[in-house]
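Below is one structure; the comments refer to it alone.
Residues: numbered from 1 along the sequence shown. Computed from a predicted structure; not experimentally measured.
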Amino acid sequence: MQNTAAPTPTHCPYCALQCGMNLTPAADGTVELSERANFPVNRGALCGKGRTAPAVLSSGVRLTSPLVRSGEGVLVPAGWDESLGRIAGNLARTRAEYGAEALGVFGGGGLTNEKAYALGKFARVVLGTSQIDYNGRFCMSSAAAAGTKAFGLDRGLPFPLEDIPRTGCVILVGSNPAETMPPSLRYFTELRENGGTLIVVDPRRTRTAEQADLHLAPRPGTDLALALGMLHLVVAEGRVDAEYVEERTAGWEEARAAAMAHWPEHVERITGVSVPELREAVRLFCAPEAAMVLTARGPEQQAKGTDTVGAWINLCLATGRAGRPLSGYGCLTGQGNGQGGREHGQKADQLPGYRKLTDPAARRHVAGVWGVDPDSLPGPGRSAYELLDALGTDIRSLLVMGSNPVVSAPRAAHVEGRLRSLDFLAVCDVVLSETAALADVVLPVTQWAEETGTTTSLEGRVLLRRRAITPPDGVRSDLEVLHGLAGRLGVEKGFPTDPEEVFEELRRASAGGPADYSGIDYRRLADEDGVFWPCPAPEGADAGDGATGAERAADTAEADRTTGTTATDRTAGTAATPGPHPGTPRLFLDRFATGDGRARFVPVSHRPSAEEPDDEYPVLLTTGRVVAQYQSGAQTRRVDELNAAAPGPFVELHPRLAARLGAAEGDPVAVVSRRGRAVAPARITSGIRPDTVFMPFHWPGEGRANTLTNPALDPTSRMPEFKVCAVRVEAVAGP
């Protein structure tokens, strides 16, 4: 029988591209996925993960009943009342015995804006704890910190992806979009077809690097020196845009002096990138009128990640490549809602609207929306790894929502031990992840196609994910979970279960903040292909916050001041009758989000990684992703087609290193760091540096890459150093 149901336009559950797709329920209970060609980001294209995403909707794959740990220590099915009661009771007991700060909350970058907002509010209003952070701290926090220092505002990309093919040169640092977000590769292909050039910086010759006009393969942990060496050459070769530096920046002389200490030959010794390659990179970058630098986890997941990104931003500023059309610095966000997830309150130091938790005015505004005393809001809490490290000691009970730190956290065996030491652990997830398997209570929650909510893509484009199917019996939404727990903990109001109602409150809480969503509503998102923030409510419009017209006008003026939005931008050319704000696809074209409108150079200098090779651990390990798996693999490892393409972990190593070990392709090899040991088959390739090995981090067990990684933290962003640590590699006898 032909399916006559109308397709529901929605978005992929995985990476920050948030590719558009259509879903249609089939008569046999499955879901048919079809192309959504008119969505501008992916134009209908999907990677294997997106195309197979409906497989995880199957009741045979996902959780459909709450689970509680029995007296025998095993997880058994239970009812919702019992499960919520057990969670609330344990949280209340922990608070009564140890205080609110003994309660922890750990969120995820895949949660919708509504869930992230409600989770942050739940931690601070219901639990009264400061101990909340999320796995997005492991994603792009260093880029966010550096962008805020330089520009006064962080948004992953300050311009839409459609600008990439029209610029003259892109330097792509530590990113492999051919595998991490394949539909985006067309933008870089079109760049080259239009006569532009692509420079890829990566210690591996990845699928993306194979497409580049120039591939620079620095030693892991030396991206900072590489950027400084390029800036040195920009100065030495007279390529500084002096007029731009004078008119639109501050702090140049200090940054210039720091860069001049990194002369090309010195940088060559540090990075392994030759002086001719450095000079060619500078020539390609400076030759066209417009150019971009895009970073990803490679330079960011370092204990000096903020300074490293800052050095690449300095290169953009010195050459006049920021705040101009088709130019700028941007970060390729990884997780599906990594951008929105931190904007609305699940990060340890932030309130909704990207407001600072330490700002008295921000606290007053958000507390007013929440109907609480500003003094009742706790201050900033621990960052993600620091929170996980405190489990079982300072933090005795933990609620996890949408994250799997047993696989994804650095020094993962230690983190697993800390989770096991808790008095009480509750996990909300779609599947029984490795973290959920340790819990005292597991709650099965709805996923992307079973619920409505918003996400914010890597472009800063707020999107509406629409519910396409009915969730299975026994499954509830995260919003229903928080509503149920809040009521059992004595807070009867303020936690609605309707996502649109939550979003309306989010609009009020964000109004006037750096990430202002007050001019966005579900109707607009349904009618448009997303709206770029900041998007303040027009003067006189009802943002729902009870503010006067003058107060809203002041909020709008402040948002515009920080982003360079003009009155013409707001009115979309209709000066007589201001209409809805059109959103802000391109930031900083008139001014940067600083008090004086100038971007800030930040002087930085290269320093070694937290852990350098030595006689005992002579090789460098770097980690990353493969095309057929996603993040900790909790969902993608349950899809047969994806497992056939990427069945398990491996160790990528150079033929010279393999020869020294006597290892052949497919032989098991052990990678050992100061934190543990992982074993996986060898994958031998000349596309990696001889002093480096690579492991993907999607798998648990013996091949868990994050058993090895170093939790050394960036002093500003608190990002762990996933991308470089010292190891030794050993041959392993037997299969």
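- If you check the side chains of D213 and T197, you find no donor sitting under 3.5 Å from an acceptor.
- A side-chain N or O of S142 and one of S717 form a donor-acceptor pair less than 3.5 Å apart.
- Within the model, atoms OG of S141 and CD of E300 stand 8.0 Å from one another, a figure rounded to the nearest 0.5 Å.
- A 6.0 Å sphere centred on CZ of R683 holds no more than 12 heavy atoms belonging to other residues, nucleotides or ligands.
- Under 4.0 Å is where a charged nitrogen must lie from a carboxylate oxygen, and between D154 and R342 at least one such pair does.
- Here side-chain hydrogen bond (donor to acceptor under 3.5 Å, both in side chains) pairs that include residues 215-225, with residues two or more places apart or in two chains, are R205-H215, R219-E612, D223-Q302.
- Side-chain atoms of R461 and Q18 form no donor-acceptor pair, as typed in the model, at a separation below 3.5 Å.
- Side-chain polar atoms of D389 and H414 form a donor-acceptor pair below 3.5 angstrom.
- The backbone N or O of T623 lies less than 3.5 Å from a partner atom in the side chain of K723, making a donor-acceptor pair.
- Looking only at side-chain heavy atoms (C-beta outward), L438 and L425 come within less than 4.5 Å of each other.
- Cation-pi contact between R43 and Y187: present, with separation from the ring centre below 6.0 Å and deviation from the ring axis of at most 45°.
- Between F722 and F138, the ring planes lie perpendicular to each other; the angle is over 60°, past the 30° to 60° tilted range.
- Taking the six-membered ring wherever Trp is involved, the centroid distance between the rings of F106 and Y134 does not fall below 6.0 Å.
- When all heavy atoms of G156 and T333 are compared, the pair lying nearest together is CA-OG1, 4.2 Å.
- In this structure, Q629 and W699 have side chains that are in contact, with non-hydrogen atoms separated by less than 4.5 Å.
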Cut-off 3.5 Å, no hydrogens considered: what does the side-chain donor-acceptor table look like for residues 266-273, sequence neighbours left out?
| unit_1 | atom_1 | unit_2 | atom_2 | d |
| --- | --- | --- | --- | --- |
| E268 | OE2 | V275 | N | 3.2 |
| T271 | OG1 | V267 | O | 2.8 |
| T271 | OG1 | V273 | N | 3.0 |

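- Side chains of L398 and L391 form a contact here, defined as non-hydrogen atoms less than 4.5 Å apart.
- We find that R674 and E616 are not joined by a salt bridge, their nearest charged nitrogen and carboxylate oxygen being 4.0 Å or further apart.
- Side-chain contact between T208 and L172 is present, with at least one heavy-atom pair separated by less than 4.5 Å.
- Donor-acceptor pairing under 3.5 Å is recorded for the side chains of Q335 and N135.
- T206 is not listed as a side-chain neighbour of F694, based on a closest heavy-atom distance of 4.5 Å or more.
- With salt bridges taken as basic N to acidic carboxylate O contacts below 4.0 Å, none links R728 and D614.
- Side-chain atoms of Y329 and T295 include a donor-acceptor pair closer than 3.5 Å.
- Taking the side chain as every heavy atom from C-beta outward, I171 and M292 never approach each other to under 4.5 Å.
- Rounded to the nearest 0.5 angstrom, L233 CG and R283 CZ are separated by 13.5 Å.
- Each salt bridge (charged side-chain N to carboxylate O under 4.0 Å, His left out) pair with one or both residues in residues 690-713, not counting sequence neighbours, appears once here: E416-R704, R689-D691.
- Residues R204 and E652 are paired through a salt bridge, judged by an N-O separation under 4.0 Å between the basic side chain and the carboxylate.
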- Stepwise, does the side-chain hydrogen bond (donor to acceptor under 3.5 Å, both in side chains) test hold for T455 with N337? CA-CA 5 Å; T455 61; N337 198 32; 4.9 Å; no
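- Nearest heavy atoms, G666 versus P681: O-CB, 3.7 Å.
- In this structure the side chain of L388 never reaches within 4.5 angstrom of the side chain of R418, judged on heavy atoms.
- Nearest heavy atoms, P182 versus V627: CG-CG2, 3.8 Å.
- Taking 4.0 Å as the cut-off between side-chain N and carboxylate O, R62 and D429 do not count as a salt-bridged pair.
- In this structure, CG on L161 lies 7.5 Å from CG on L332, to the nearest 0.5 angstrom.
- Contact check for R297 versus C139: side-chain heavy atoms found under the 4.5 Å cut-off.
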